[in-house]
Protein chains: 2
Amino acid sequence: MRKKSTERTTLEYALLGLICEVPRSGYELRKVFVETAMAGYSGSPGAIYPALRRLEAGGLVAGRARHGGPGRPGREFRLTPAGEAVLQAWLARPVTRDDVALRLDALMLRFAFLGFADSPVRSQEFLESMEAELEGFHTELEDQLETIRSAPVHARLALEAGISSIADRLRWARTVRARLNDLGEEK
Amino acid sequence: MRKKSTERTTLEYALLGLICEVPRSGYELRKVFVETAMAGYSGSPGAIYPALRRLEAGGLVAGRARHGGPGRPGREFRLTPAGEAVLQAWLARPVTRDDVALRLDALMLRFAFLGFADSPVRSQEFLESMEAELEGFHTELEDQLETIRSAPVHARLALEAGISSIADRLRWARTVRARLNDLGEEK
DNA sequence: CTCGGCATGTAATCCGTTACATGATTCT
DNA sequence: AGAATCATGTAACGGATTACATGCCGAG
């Protein structure tokens, strides 16, 4: 999955986003994944704890002991300045074609954290580039639909479902951008 | 990923579906994935060839030499009776909540091959159970939206996108079921 | 006869899953 | 003390990715 060694997994970014404002323990992070079924991430301990250790090893998060509740005392993780920088860089990334075509879930996860961006402009940029790529991908898929006229009915119908869902997400992006605009202006 | 040892990966089912009617070589299979970006599967040789060997080892496909074109002669894979049975069992599976919540892409891939099912009834069953699970998941997500009223705006908006896309897919399923019904009756 | 492109395969690495094991605190 | 519960891990394993290596044919 990693192209450059600086790349992190989606799960790692999710963790960074979740502890960005509220420090949390591994257990609390797991609960978030399990209860909200966030983007389909499973929150198995075998995924989360290793991911937290990778982040800690990279100096992006720091854990400190916490005792107070019942049961075994946990470790509470908070972002380091380096971690904050990595999170912000992630949030500021432009949306690519591959993001909308191959990793739409991860992209929406990123959007969910965009409120933590250093500037409200980030949301606008995100939505604008997302709309552009969605439009491009949409016509790409419609072209593909043309070229597979002879394909089995079910395959064509499945492709139509994909096209429809891209159109749906495009409508979402446009209305959300308008909503956020209004929110920003009336403030 | 495997719960029972009889479970196959999504990629393996995709391969079974693709060679179900037309025997193909690994290279041709790769091209399908690359060109149509099927369900976001990458079609890297490091994934496809091992998957084909697993299927061959399991007796689900059989390869035979093919020479004729230019370049290195390829091996052409076709389904064995056992492979046909596994494919049919996959196509006949009822749609579960996890299918629509966590693996919608894989589910749509399955639909794309439903035309190869042993009975046209399979499509109806598939769509009916899919509609039921989509409805259930939809209300589940709307409940979740209620309970996170205090969450950050962006997170709520992301969830709304998910809800909308489920509704969109539900509309798709209903219209497709009607369309297939008409097609079946006029025949 | 070797060069380029078609086609198959391998190796290293990494992440996620499942299932299990362990630690620490409070309640009875 | 022992059970229950909260919380953190570990081990084995499988599959996907990337990048590289190999084999075989026809054209010049």
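Values below: all heavy atoms of this structure, side chains included; hydrogens, waters and symmetry mates excluded. Every chain is numbered from 1 and lettered A, B, ... according to where its sequence line falls, protein lines coming before strand lines.
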Looking only at side-chain N and O atoms, does S44(B) come under 4.0 Å of OP1 or OP2 in dT17(D)?
yes
Given 3.5 Å as the limit, does a donor-acceptor pair link the side chain of E131(A) with the main chain of E128(A), or not?
no
Distance-only donor-acceptor test, R72(A) side-chain atoms vs dA24(C) base atoms, 3.5 Å
no
Of all the choices, dT17(D), dT25(C), dT17(C), which nucleotide is nearest to the side chain of P73(A) once you look at every atom?
dT25(C)
Rounded to whole Å, please give me the gap between CG in L15(A) and C1' in dG16(C).
13 Å
Nearest to the side chain of L11(B), which nucleotide is it out of dT17(C), dT8(C), dA16(D)?
dA16(D)
Interatomic distance where CD belongs to E7(B) and C1' belongs to dG14(D) [whole Å]
14 Å
Please work out if G46(A) contacts a base, only the sugar-phosphate, or nothing of the nucleic acid, heavy-atom cut-off 4.0 Å.
base
Interatomic distance, L52(A) CG vs dC15(C) C1' [rounded to whole Å]:
15 Å
Let's see if you can work this out: which of dT10(C), dG16(C), dT8(D) has an atom nearest to the side-chain heavy atoms of R53(B)?
dT10(C)
Looking at residues at least two apart in the chain, or sitting in another chain, which of them share a ring pair (Phe, Tyr, Trp, His ring centres under 6.0 Å) with F77(A)?
none
The side chain of T9(A) lies closest to which of these nucleotides: dC15(C), dT17(C), dT10(C)?
dC15(C)
Heavy-atom donor-acceptor pair, E76(A) side chain to G63(A) backbone, under 3.5 Å
no
Whole angstroms only, please: what is the CD1-C1' distance between I48(B) and dA19(D)?
17 Å
Would you say F113(B) ends up clustered with L159(A) if hydrophobic residues are merged whenever their side chains have heavy atoms under 4.5 Å apart, either directly or through other cluster members?
no
Separation of dC6(C) atom C1' from R66(B) atom CZ, nearest Å, is 12 Å
Between P on dG23(C) and CZ on R75(A), what's the gap in Å once rounded to a whole number?
16 Å
Any donor-acceptor pair under 3.5 Å from R169(A) side chain to L134(A) backbone
no
Roughly, in whole Å, what's the span from OH in Y49(B) to P in dT17(D)?
15 Å
Please tell me if R54(A) has a side-chain N or O lying less than 4.0 Å from either OP1 or OP2 of dG16(C).
yes
With respect to the side chain of P45(A), which nucleotide from dA19(C), dC6(D), dT10(C) is positioned closest?
dA19(C)
Looking only at dT17(D), dT10(C), dA16(D), the nucleotide nearest the S42(B) side chain is dT17(D)
May I ask you to decide whether E135(A) forms a salt bridge with R97(A), counting only side-chain N to carboxylate O separations under 4.0 Å?
no
Could you identify which residues of residues 25-34 of chain A place a heavy atom less than 4.0 Å from some atom of DNA chain D, listed by residue number, or say none?
S25(A), G26(A), Y27(A), R30(A)
Rounded to whole Å, CD of E56(A) lies from C1' of dG9(D) at a distance of 13 Å
For D168(A) and S164(B), test the side chains for any donor-to-acceptor distance below 3.5 angstrom and give the result as yes or no.
yes
For residues Q144(B) and E140(B), is any side-chain donor paired with an opposing acceptor at under 3.5 Å?
no
